[in-house]
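Right, one structure below, let's go through it.
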Amino acid sequence: MIRLLIVDDHPAMRAGLTAVLRAEPGLVPLATASSAEDLDMAIQRTAPDVVLLDYHLPGADGLRLCRRLKRLAPAPAVLLYSAYADSSLVIPAVLAGADGLLNKSAPAPELFDALRSVARGERVIPPIPRELLAGASEQLAAEQLPVLAMMIDGTPPAEVAETLRLSPGAFSRTLDDMLDRLRVEVPSAA
């Protein structure tokens, strides 16, 4: 049984996802949330295995929410879900600690597979095109490049910080800065 929390600001999307996921054996939608505040309350009430998190929420940053979720103990798996999930979001999603990234246009079986995979601890991250990695490297400071490389390779954040001799606070500030530098803007109607 995979316990799910759905986070999306569109009521029809939340209702549709809940219905589709409820009908799939082994997937149990526990609750939905439409904002960062709703997410905090729902996490405390439900302790889900996986959070299906919309990348673009009004007044909230899906990447920062993902980072916050991944600092919980125990941390749920996070599948970022966006109508604009393309290769440009892969690096920011990895830096935010997302376990997966999926476009909302994906067929239901692909969504089910992605949820099951991240619940098993697997990463569901599309390949990063070489030119995108080169562009990201140009936007980052030289001392941030080892962080990028290790995170892309799947090194756990605590191990990255330890290896690079960064305190938890310094590592957190580094990731925040990297996410700011690599920010991907999506249309406000997303």
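For reference, positions follow the sequence shown, starting with 1.
Taken to the nearest 0.5 Å, the CG atom of Leu52 stands 8.0 Å off from the CG atom of Leu102. The CE atom of Met178 sits 7.5 Å away from atom CE of Met151, with the distance rounded to the nearest 0.5 Å. Of the inter-residue distances, the one linking Leu95 atom CG with Leu148 atom CG reads 6.0 Å to the nearest 0.5 angstrom. If you take CD1 on Ile91 and CZ on Arg181, they are separated by 14.0 Å, rounding to the nearest 0.5 Å. Atoms OG and CG, on Ser35 and Asp40 in that order, are 8.5 Å from each other to the nearest 0.5 Å. A distance of 9.5 Å separates CD in Glu131 from CG in Leu133, rounded to the nearest 0.5 Å.
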Next item on the list: Kindly determine whether Val118 and Val78 satisfy side-chain contact (heavy atoms from CB on, under 4.5 Å), including the steps that lead there.
Entry: CA-CA 7 Å; Val118 298; Val78 177; over 6 Å; no

Next item on the list: Please lay out, stage by stage, how Val51 and Ile43 fare under the test side-chain contact (heavy atoms from CB on, under 4.5 Å).
Entry: CA-CA 9 Å; Val51 175; Ile43 283 288; 3.9 Å; yes

Item checked: Intermediate values then yes/no, side-chain contact (heavy atoms from CB on, under 4.5 Å), Asp54 and Lys104 -> CA-CA 9 Å; Asp54 188 5; Lys104 287 183 177 181; 3.4 Å; yes

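The closest side-chain heavy-atom distance from Leu101 to Pro126 is below 4.5 Å. For the pair Asp99 and Val50, the minimum side-chain heavy-atom distance is 4.5 Å or more. Counting heavy atoms from C-beta on, the side chains of Leu4 and Pro48 never come closer than 4.5 Å. When side chains are defined from C-beta on, Leu21 counts as touching Leu111, because their heavy atoms get closer than 4.5 Å. The side-chain heavy atoms of Val147 and Phe171, taken from C-beta on, include a pair separated by under 4.5 Å. Residues Arg45 and Leu30 are not in side-chain contact: their nearest non-hydrogen atoms beyond the backbone lie 4.5 Å or more apart. When side chains are defined from C-beta on, Leu80 does not count as touching Leu89, because their heavy atoms never get closer than 4.5 Å. At least one side-chain heavy atom of Ile2 sits less than 4.5 Å from a side-chain heavy atom of Leu27.
Nearest heavy atoms, Thr46 versus Ala31: CG2-CB, 3.9 Å. When all heavy atoms are compared, the tightest approach of Leu57 to Asp9 is CD2-N, 3.6 Å. Minimum interatomic distance between Ala96 and Cys66 (heavy atoms only, all atoms of both residues): O-SG, 3.4 Å. Taking each heavy atom of Asp61 and Leu63 in turn, the nearest pair found is OD1-N, 2.8 Å. When all heavy atoms are compared, the tightest approach of Leu5 to Leu39 is CD2-CD1, 3.6 Å. Residues Ala114 and Leu79 approach most closely at CB-CD2, 3.9 Å, considering heavy atoms.
For residues 156-176, the side-chain hydrogen bond (donor to acceptor under 3.5 Å, both in side chains) pairs, not counting sequence neighbours, are Arg64-Asp176, Arg67-Ser172, Arg67-Asp176. Residue pairs meeting the side-chain hydrogen bond (donor to acceptor under 3.5 Å, both in side chains) criterion with at least one partner in residues 136-146, sequence neighbours excluded, are Gln144-Asp177. Applying the side-chain hydrogen bond (donor to acceptor under 3.5 Å, both in side chains) test to every pair with at least one member in residues 14-34, sequence neighbours left out, gives these pairs: Glu24-Arg116, Ser34-Asp38.
Side chain of Asp153 to backbone of Thr155: no donor-acceptor contact under 3.5 angstrom is found. At least one donor-acceptor pair closer than 3.5 Å links the side chain of Asp49 to the backbone N or O of Arg3. In this structure, Lys70 contributes its side chain and Pro76 its backbone to a donor-acceptor pair below 3.5 Å.
Placement of Leu72 and Met41 in two distinct hydrophobic clusters is found when ILVMFWY residues are connected by side-chain heavy-atom separations under 4.5 Å, directly or transitively. Tyr81 and Val28 are not part of a single hydrophobic cluster, where members link through side-chain heavy atoms under 4.5 Å apart.
A donor-acceptor contact closer than 3.5 angstrom links the side chains of Asn103 and Ser105.
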